[in-house]
Amino acid sequence: LQYRAEQPIHQAFLQQAERCPEAPAIITAHRLCTYAQLAQISQGIAAYLLEKTVNSDDRVLIVAERGAALVYAMLGCLRAGRAFSVADAAYPAARLQQLASSLAPRVVLRCGQAHVEAADACVVTVPQDPVEALHAFDRPTAQLPAVSAGQPAYITFTSGSTGEPKAIVTHHAPLVHFIDWHVHQHGLTQADTFSLLSGLGHDPVYRDVFTPLSLGASIACPAQASLTDPAQLASWIALHRVSVIHLTPPLGKLIETGAQLQGQLFRQLRYLF
């Protein structure tokens with residue numbers, strides 16, 4: 001494959017925000033966030049992180065429920081040039097504490113109701129509602145640093161088969177390269193709607209978020225309760241006309257069961273990866 005990774009992950013998103021500012025970036029059950037709002041919120045979070053960190057080696061821990069705030073937080077970290085790790089708020093408290101101790105973050109971004117203690121870290125809540133997030137991180141004139149594709153972007157932890165999870169630090173370039181291939185290989189476009197169904201603490205979630213944002217497409221984010229209810233999940237996919245889904249085989253079986261229960265055909269669904 002031709003290796004193409006000259007820019008950071010978020011650069012394509014910023015270009016789309018300039019091109020289609022009023023297009024829907026994130027769609028949840030009760031709110032919609034446009035590309036313009038997402039650009040402004042992530043700029044504010046980035047500026048906040050620059051205020052609270054000393055240098056580019058400082059890490060950020062995002063403790064998140066499934067929702068728009070997770071996307072705000074990830075983009076804010078990337079635009080500030082601060083590597084982050086995502087922990088699912090549903091993890092047991094001991095697991096969250098283990099990740100916090102290993103990462104030693106300078107800042108913890110809470111995207112939900114989880115409680116986590118991190119020594120010497122500043123803990124701040126990121127609202128799910130875009131208007132509230134704009135008010136919470138109101139820094140419209142902040143100057144952000146240039147970020148290269150070779151800088152650390154995100155940190156993924158292994159499952160801990162030896163008893164202690166190991167941190168894998170990844171720079172921007174591999175994901176940028178993957179998305180470029182993914183889009184061209186499968187003809188993905190701005191007209192697609194992508195689901196946010198991947199596990200929050202695992203690296204496939206970055207495909208769910210940054211592939212659509214690189215295109216000017218929409219991310220549809222379900223309520224967490226939908227993920228265990230086949231009928232609800234199938235209805236949600238149909239309602240939001242989801243056309244691209246990254247998923248595990250068990251989740252695929254759950255969707256199939258829900259579709260059969262509802263007698264639904266997903267005519268708009270183009271790809272299951």
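Small disclaimer: the values here were computed from a predicted structure and weren't measured.
- No more than 12 heavy-atom neighbours from other residues, nucleotides or ligands sit within 6.0 angstrom of CD on Gln143.
- No more than 12 heavy atoms of other residues, nucleotides or ligands sit less than 6.0 Å from atom CZ of Arg241.
- When the side chains of ILVMFWY residues are joined at heavy-atom separations under 4.5 Å, either directly or via intervening members, Val183 and Phe210 end up in a single hydrophobic cluster.
- Glu18 CD: 12 or fewer foreign heavy atoms inside a 6.0 Å radius.
- The two atoms that bring His10 and Leu78 nearest to each other are CE1-O, 3.3 Å, heavy atoms only.
- In this structure a side-chain-to-backbone donor-acceptor pair under 3.5 Å is missing from Thr156 to Asp203.
- The number of heavy-atom neighbours closer than 6.0 Å to CG of Asn55, taken from other residues, nucleotides and ligands shown, is above 12.
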Would Ile155 and Leu103 satisfy side chain to side chain contact (heavy atoms under 4.5 Å, CB included), going step by step from the backbone distance to the final call?
-> CA-CA 9 Å; Ile155 300 166; Leu103 194 67; 3.6 Å; yes
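- A donor and an acceptor atom, one from each side chain of Ser235 and Gln262, are located under 3.5 Å apart.
- Side-chain N/O atoms of Arg82 and Thr53 include a donor and acceptor closer than 3.5 Å.
- A side-chain N or O of Arg110 and one of Thr125 form a donor-acceptor pair less than 3.5 Å apart.
- Between Trp236 and His240, the distance from one ring center to the other falls under 6.0 angstrom.
- Between Tyr154 and His172, the ring centre distance reaches or exceeds 6.0 Å.
- Two rings, from His182 and His246, have their centers less than 6.0 Å apart.
- Transitive grouping of hydrophobic side chains (ILVMFWY, heavy atoms separated by less than 4.5 Å) brings Trp181 and Phe273 into a common cluster.
- Checked against the 6.0 Å centroid criterion, the rings of Tyr206 and Phe178 do not qualify as a close aromatic pair.
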